[in-house]
Amino acid sequence: MLDLAFPFTGRWLTQNSPADRVPSHGTTRFASSHAIDFVPVDAEGRGARFSLASLLRPEPPEHFVGFGRPVLAPADGTVVSVHDAEPDHAAHRGFPSVGYALTQSRRADRGWQHLAGNHVLIRIDGAVVALCHLQRGSTRVHVGAQVHVGEEVGRCGNSGNSTEPHLHLQAIDRPDPDRADAVPFTLRGRLPRNRGIVVA
């Protein structure tokens with residue numbers, strides 16, 4: 001079993017955890033069976049204050065406490081792919097999230113990169129770990145770079161298939177998510193459950 005460090009510090013809310021169900025994201029597509037999401041939150045467990053405006057219209061990602069938080073290498077490894085050109089789009093909560101969800105299949109049909117947005121892939125112990133939805137222009141590594149656990153590789157963003165700034169983490173058996181199989185993993189020997197707060 002691949003065991004990783006948490007790829008962040010601070011308070012993060014767990015979502016879509018394989019500790020609660022597999023496939024964790026409701027599909028086996030793009031080797032996402034054991035993927036997990038983490039949303040940066042404040043001391044009250046919120047990504048951002050929810051208001052009437054949140055209910056009615058998309059919000060700038062800068063309004064969220066986690067936008068721009070450092071994303072760290074979860075183990076020592078070698079960078080095998082970096083993508084850093086996708087814009088950070090508006091966040092969607094309330095009614096706007098319904099319309100956004102209806103367009104998800106369109107993004108999926110365009111391939112994994114359109115779901116992942118900006119990302120870094122790191123080869124670790126025979127697997128490849130993907131850190132996704134990074135902030136545009138934030139990556140600090142290049143293909144071939146050796147990274148060490150805890151090293152900053154980018155920043156939390158809202159690129160790709162993302163309703164609010166968060167980090168999508170998954171492990172796969174090869175650096176081609178369109179053809180890979182999922183690799184199960186733990187984080188410091190366990191997997192947090194949905195709605196749990198991780199303090200790292």
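Just so it is clear, the values below take in all heavy atoms, side chains as well, and ignore hydrogens, waters and symmetry mates.
Within the model, atoms CD of Gln170 and CG of Asp37 stand 9.5 Å from one another, a figure rounded to the nearest 0.5 Å. In this structure, CG in Asp181 is found 10.0 Å from CD1 in Ile172, a value given to the nearest 0.5 Å. Between the CG atom in Asn118 and the CD atom in Gln113 there is a gap of 8.5 Å [rounded to 0.5 Å]. We find the CG-CE distance between Asp125 and Met1 to be 13.5 Å, quoted to the nearest 0.5 Å. Atoms CD and CD, on Glu86 and Gln135 in that order, are 14.0 Å from each other to the nearest 0.5 Å. Distance check: His114 NE2 to Ser159 OG gives 12.0 Å after rounding to the nearest 0.5 Å.
Neither Leu131 nor Leu13 shares a network with the other; the hydrophobic side chains, linked directly or stepwise wherever heavy atoms of I, L, V, M, F, W or Y lie under 4.5 Å apart, form separate groups for each. Cluster membership check: Leu2 shares its hydrophobic cluster with Phe6, using side-chain heavy-atom separations under 4.5 Å among Ile, Leu, Val, Met, Phe, Trp and Tyr. Cluster membership check: Val153 shares its hydrophobic cluster with Val79, using side-chain heavy-atom separations under 4.5 Å among Ile, Leu, Val, Met, Phe, Trp and Tyr. Ile36 and Phe30 fall into different hydrophobic clusters, where Ile, Leu, Val, Met, Phe, Trp and Tyr are joined by side-chain heavy atoms under 4.5 Å apart, directly or via other members. Side-chain heavy atoms closer than 4.5 Å link hydrophobic residues (I, L, V, M, F, W, Y) into clusters, and following such links, even through other members, never connects Val80 to Ile124.
A salt bridge links Asp20 to Arg193: at least one charged side-chain nitrogen sits closer than 4.0 Å to a carboxylate oxygen. Ionic pairing of Arg93 and Glu164 is not present here: no N-O contact between side-chain nitrogen and carboxylate oxygen is shorter than 4.0 angstrom.
Contacts of Phe38 classified as ring-ring contact (aromatic ring centres under 6.0 Å, His included), with partners at least two apart in sequence or in another chain: Phe8. For the side-chain contact (heavy atoms from CB on, under 4.5 Å) test, residues two or more places apart in sequence or in another chain that qualify with Thr139 are Val82, Asp84, Val120, Leu134. Scanning for side-chain hydrogen bond (donor to acceptor under 3.5 Å, both in side chains) contacts around His89 gives Tyr100, Asn158, with sequence neighbours left out.
Contacts classified as ring pair (Phe, Tyr, Trp, His ring centres under 6.0 Å) and involving residues 171-200 (residues at least two apart or in different chains) are not found. Every pair passing side chain to side chain donor-acceptor pair (under 3.5 Å) that includes a residue from residues 140-150 is listed here, sequence neighbours excluded: Thr78-Gln146, Arg140-Glu152.
Looking at Pro175 and Ser81, their side chains never come closer than 4.5 Å, going by heavy atoms from C-beta outward. Put simply, the side chain of Pro192 does not reach to within 4.5 Å of the side chain of Trp12, judged on heavy atoms. Within the 4.5 Å cutoff, the side chain of Pro18 has heavy atoms near those of the Val22 side chain. The side-chain heavy atoms of Gln15 and Arg195, taken from C-beta on, include a pair separated by under 4.5 Å.
In terms of heavy-atom proximity, Ser24 sits nearest to Ser32 at OG-O, 3.4 Å. Contact record, Pro165 with Ala91: CD-CB, 4.5 Å, taken as the closest heavy-atom pair.
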Report, one line per pair, each donor and acceptor closer than 3.5 Å where one atom sits in a side chain of residues 62-77; sequence neighbours left out.
from  : atom 1 : to     : atom 2 : distance (Å)
Arg69 : NH1    : Arg11  : O      : 2.8
Arg69 : NH2    : Val41  : O      : 3.0
Asp76 : OD1    : Val149 : N      : 2.9

CA sep, side-chain torsions, deciding dist, call: Leu169, Leu187, side-chain contact (heavy atoms from CB on, under 4.5 Å): CA-CA 11 Å; Leu169 173 67; Leu187 294 158; 3.9 Å; yes
From CA spacing to verdict: side chain to side chain donor-acceptor pair (under 3.5 Å), His168, Asn16: CA-CA 10 Å; His168 172 97; Asn16 299 315; over 6 Å; no
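In this structure, Arg188 places its CZ atom where only 12 or fewer heavy-atom neighbours from other residues, nucleotides or ligands lie under 6.0 Å away. For Arg179, the CZ atom sits in a loose shell: 12 or fewer heavy atoms of surrounding residues, nucleotides or ligands are nearer than 6.0 Å.
Judged by distance alone, with hydrogens and angles left aside, the side-chain atoms of His119 form no donor-acceptor pair with the main-chain N or O of His133 at under 3.5 Å.
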